[in-house]
Amino acid sequence: MAKLKLALYWAASCGGCDIATLAIGEKILKLAEAADIVFWPVAMDFKYSDVEKIPDKSIDACLFNGAIQNSEGEHIAQLLRAKSKILIAYGSCSYEGCIPGLANFFNRQMIFDRVYIETQSTDNPEKVYPQSKVLVPEGELEIPDFYDTVKTLAQTVDVDYFVPGCPPEEKTTWLALETLIEGKLPPKGAVISHSVKAVCDECPRIKKEKKVKKFYRPYEIIPDPEICLLEQGLLCYGPATRGGCGAPCPQANMPCTGCYGPVEGVVDQGAHFLTALASVIDSDDPTEIQRIINDIVDPAGTFYRYSLPDSLLRRARIK
Amino acid sequence: MEPKIGVYVCHCGSNIAGTVDVEQVAEYARSLPAVEIARDYKFMCSDPGQDLIKNDIREFGINRVVVASCSPQMHEPTFRHVLQESGLNPYFFEMANIREHCSWVTEDREKATEKAKALVSAAVRRVYYHQALEANEVPINPNTLIVGGGIAGIQAALEIADSEHKVYLVERDPSIGGHMIQLDKTFPTLDCSACILTPKMSLVGAHPYIELMTYSEVEEVSGFIGNFKVKIRKKARYVDEDKCNGCGVCQEKCPWTADSEFDVGLAKRKAIYTPFAQAVPNIPVIDKEHCAYFLKGKCRACEKFCERDAINFEQVDQFVEIEVGNIILTTGYKLFDPTPLTQYGYGRLDNVLTSLEFERLVNAVGPTNGKISLKDGTEPKSVAIIHCVGSRDANYHEYCSRVCCMYSMKFAHLVSEHIPEATVYEFYIDIRSAGKGFEEFYNRVLKEGTTFFRGRPGEVTNVAETPEEKGKLVVQFEDTLVGRQRRIPVDMVILSCGLEPQQDAEEVARLFSVSRSADGFFLEKHPKLDPVATMTDGVFVAGCCQSPKDIPDTVAQASAAAARVLALISKGKVEIEAATAVIDEEKCSGCRICNLLCPYSAISFVEDKKVSRVNEALCKGCGTCVAACPSSAITQKHFTAEQIMAELEGILV
Ligand SMILES: Cc1cc2nc3c(=O)[nH]c(=O)nc-3n(C[C@H](O)[C@H](O)[C@H](O)COP(=O)(O)OP(=O)(O)OC[C@H]3O[C@@H](n4cnc5c(N)ncnc54)[C@H](O)[C@@H]3O)c2cc1C
Ligand code: SF4
Ligand code: SF4
């Protein structure tokens with residue numbers, strides 16, 4: 001059997017996904033047996049022109065991590081879409097927008113103001129902002145255009161599969177690679193993970209009927225190791241998050257933060273967690289309810305930490 | 001089956017067509033995906049309108065229907081029935097409300113038409129995803145709960161019990177009777193109120209099919225039509241109901257007194273008391289707040305004299321749980337308290353009375369044995385009756401209390417009857433005497449010499465400006481018929497106070513899941529066509545808890561509510577919501593977030609499978625759990641995510 005031709009790329013991401021690919025450990029040898037890596041800028045040197053030269057559809061599969069936040073990301077996404085038979089949004093950034101996607105609470109100007117003017121460590125009295133084109137004695141320099149809105153990969157180009165996680169767990173990565181190697185492809189659009197149920201299904205903690213009188217941040221309490229974290233007032237995102245990860249966080253006494261994205265069939269993960277949480281607040285008194293929800297610091301960033309660009313609203317409206 | 005949608009845009013006479021370009025909406029509908037046919041028609045709910053749909057189903061194989069007309073509240077059942085008659089599942093129907101949501105609230109024709117198009121587009125996209133559903137049936141428990149033992153509750157209880165179906169009648173006072181038992185004569189026929197009511201009260205007390213629980217209140221209600229579970233608190237009477245024979249010796253011997261509620265404070269009663277002589281049941285209660293033993297630890301006179309050993313100071317509140325199929329609320333009204341209208345001097349000036357106080361005063365068995373007397377014991381020579389106190393007044397109640405004009409004229413008649421030489425003045429805004437025999441009664445009172453002044457008095461004062469006013473109450477008002485200020489000196493002033501919702505109407509409404517209208521009275525399902533039902537199936541309302549009304553109207557409503565209940569009992573079963581929630585066990589993670597949320601306790605947790613499950617017979621399709629499930633493991637039939645999303649997208653295009 002001919003070896004698979006594999007490409008990996010990163011757009012707006014932290015680099016963790018590239019490291020996660022390596023986390024498959026000695027299975028990398030199996031991968032090397034089955035596949036040739038034709039493009040992986042984080043590990044090997046490539047030029048854009050190298051990709052442009054590859055004939056269309058000659059890459060068997062591309063694992064694309066990172067969200068689309070500038071013209072470079074958009075361009076290469078289109079390029080790799082054209083060159084690849086299978087395009088996989090790998091990791092939460094390209095699947096749902098993830099942390100870079102929180103930029104959608106602001107716009108380009110607000111972000112530039114913050115980064116290039118306002119931060120304490122910045123000294124920029126002339127208020128110089130990045131320009132996409134600039135003339136220097138050596139000629140015209142060009143950097144990518146920064147967008148107002150972060151998009152997911154699927155909002156940019158046609159995507160075949162999604163691999164969840166920030167970053168994906170080793171077993172999830174291997175499931176995706178195995179699927180490719182063995183050619184047992186799921187229906188288009190599938191999210192590749194070991195579970196279609198929520199994290200709670202894999203979480204061994206004892207779950208009871210839920211009534212919460214106070215929410216805590218993880219540093220404020222030492223939770224009981226046996227009982228559901230949400231019942232103890234920690235904002236555990238488990239009920240609203242796809243499983244398949246094996247619930248490592250709740251097993252380490254840390255609440256799930258939702259990185260595996262929505263459970264199969266859920267439209268808008270943040271909204272679902274929000275309504276679920278609202279439902280377990282144990283009070284009918286409006287002032288008490290207000291007090292309880294005031295415990296939730298940074299609600300927007302909590303509920304939409306991983307999924308703002310992929311949510312129904314996609315971004316904040318800036319007046 | 002590939003969806004073939006038929007869209008029918010209703011003109012509703014000019015209700016819709018006057019503002020919305022219905023032809024254009026139909027034209028637009030034709031351009032929507034899967035729409036086979038779109039028509040507009042004068043009245044879709046009429047027989048020819050319904051036939052249009054039937055024909056299209058037959059001839060063009062239409063298998064999904066959208067009617068763009070009025071609120072589904074009224075006609076969704078009509079059109080679902082049309083589908084059913086044509087052999088289609090009734091749930092392949094969707095209604096776009098382009099009347100209440102559009103033509104009635106939009107002035108601009110162009111905007112209204114655009115809005116109507118958006119609503120039609122939403123309905124079309126939604127109906128595309130509709131699925132066939134089968135309605136479920138549940139049996140009706142033939143027992144009925146009636147809450148409130150005024151004339152409304154008494155009437156309804158007797159009608160249901162006479163057909164040999166069990167009634168639990170819960171009354172919070174020690175006796176049934178309500179306000180009617182406090183009245184003297186009743187307009188317009190002047191029947192003696194107690195004479196016509198007490199026979200009915202005795203019937204209730206002795207009826208084999210009525211379980212009367214007085215001095216009791218409903219604490220908890222759960223379940224749904226046909227299958228309610230109700231918890232009732234029977235307050236401790238400190239008198240054993242089985243032993244007491246109502247001899248009354250305890251009341252004679254009791255040395256402690258308090259103001260009589262029944263005589264609205266005009267007389268005293270004992271600490272152990274029945275509110276009035278013909279009380280049903282004729283079993284006293286001890287009022288802990290005024291009992292020497294409870295206050296001081298000594299006395300127990302009643303116990304000593306009771307030959308039946310019926311007094312029991314150790315009694316505690318008891319809780320009774322009952323199961324009923326239907327509930328009728330007949331909790332009545334509260335009289336408006338005129339104290340805040342300080343200009344009328346109630347509570348400050350002697351001989352200013354409320355209407356209910358006057359009813360007791362004029363009553364032959366009342367505190368004065370029927371003598372209309374002033375504070376000093378003499379008879380008044382002149383009486384002023386002020387209408388609309390607390391009613392038709394922007395500061396208190398905007399509504400008209402409906403009975404005050406009539407009872408005020410009744411009072412005029414009673415004064416003339418008791419004290420023929422007395423002068424009676426009525427101060428009215430408008431005379432409202434719409435009712436059988438009412439206008440005739442008005443004429444009769446006019447002939448009897450009562451003077452009617454049109455104008456709402458500004459003040460009642462005891463500050464005299466002329467010698468004739470000395471020692472009198474002076475009513476100052478603008479006579480709007482002659483357009484000038486006048487002062488009328490009188491001996492007695494009666495304030496015709498309005499009727500308002502019971503103090504605890506809000507809690508009672510919450511307890512029984514009924515709504516209230518802006519005036520605070522319980523809200524009926526439809527003001528014209530369904531005046532005794534409520535939005536909660538199986539819960540009915542009758543009498544003054546629904547709105548102020550007189551006794552004939554109260555009785556008519558009570559009979560109507562009884563008939564509705566009897567119809568359900570005789571059918572024996574009821575179709576319940578097909579749009580229930582179901583949990584997909586393949587998706588449920590067992591997080592248990594939904595478990596406590598269901599207001600009908602329909603959700604349970606299956607321990608061995610670690611998933612939650614909905615009991616569809618209990619589920620009312622409220623959707624609470626559906627919204628809460630973070631896994632979208634719960635789907636509400638007829639409100640699936642797909643259907644709702646399609647509807648949203650439809651409205652946004
Ligand atoms: C001064 C005056 C004169 C009137 N004269 C006439 C007249 O001449 N002719 C005429 O037709 N109408 C007259 N009316 C109107 C008449 O009083 C009412 O139409 C009638 O009493 C309404 O009966 P009801 O059963 O709806 O309410 P109510 O008589 O108020 O009875 C309600 C009953 O429910 C009980 N209750 C309330 N809440 C609860 C609860 N939560 N749990 C258990 N029990 C509860 C109450 O204790 C009461 O017994 C007059 C009204 C007034 C104020
Ligand atoms: S909320 Fe959803 S996932 Fe959680 S137990 Fe209920 S049905 Fe299951
Ligand atoms: S929809 Fe859910 S919460 Fe509502 S009645 Fe049904 S099971 Fe209960």
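Keep in mind that what you see is a predicted model, and the values were worked out from it rather than measured.
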Tell me whether the count of non-hydrogen atoms from other residues, nucleotides or ligands lying under 6.0 Å of CG in B:D108 goes above 12.
yes
Has B:R516 got more than 12 heavy atoms of other residues, nucleotides or ligands less than 6.0 Å from its CZ?
yes
Can you confirm whether B:K111 is buried at NZ, in the sense that more than 12 heavy atoms of other residues, nucleotides or ligands lie under 6.0 Å from that atom?
no
Taking everything shown except A:K184 itself, do over 12 heavy atoms lie less than 6.0 Å from its NZ?
no
Counting only heavy atoms from other residues, nucleotides and ligands, does the tally under 6.0 Å from CD of B:Q503 exceed 12?
no
Can you check whether B:G590's main-chain N or O pairs, donor with acceptor, with A:K197's side chain at less than 3.5 Å?
no
Give, as side chain, backbone, both or neither, the part of B:E585 having an atom under 4.5 angstrom from any heavy atom of chain A.
backbone
Contacting moiety of B:E586, where chain A heavy atoms sit under 4.5 Å
backbone
Part of A:L230 lying under 4.5 Å from any heavy atom of chain B:
side chain
Most chain B-contacting option - heavy-atom pairs closer than 4.5 Å, from A:E264, A:R242, A:E231, A:K207
A:K207
What pair of heavy atoms forms the shortest contact from B:N595 to A:E209, and how long is it?
CB-CG, 3.8 Å
A quick test of your reading: do over 12 heavy atoms of other residues, nucleotides or ligands sit less than 6.0 Å from NZ of A:K211?
no
Measuring from atom OG of B:S631 to atom NE2 of A:H272, what distance do you get when rounded to the nearest 0.5 angstrom?
8.5 Å
I need the single residue from A:D268, A:V266, A:V267, A:V263 that forms a side chain to side chain contact (heavy atoms under 4.5 Å, CB included) with B:S632. Which is it?
A:V266
Distance from A:K208 atom NZ to B:L596 atom CG, nearest 0.5 Å?
12.0 Å
Contact class of A:L312 relative to chain B, heavy atoms under 4.5 angstrom:
side chain
If you count heavy atoms of other groups shown closer than 6.0 angstrom to CD of A:E182, is the number above 12?
yes
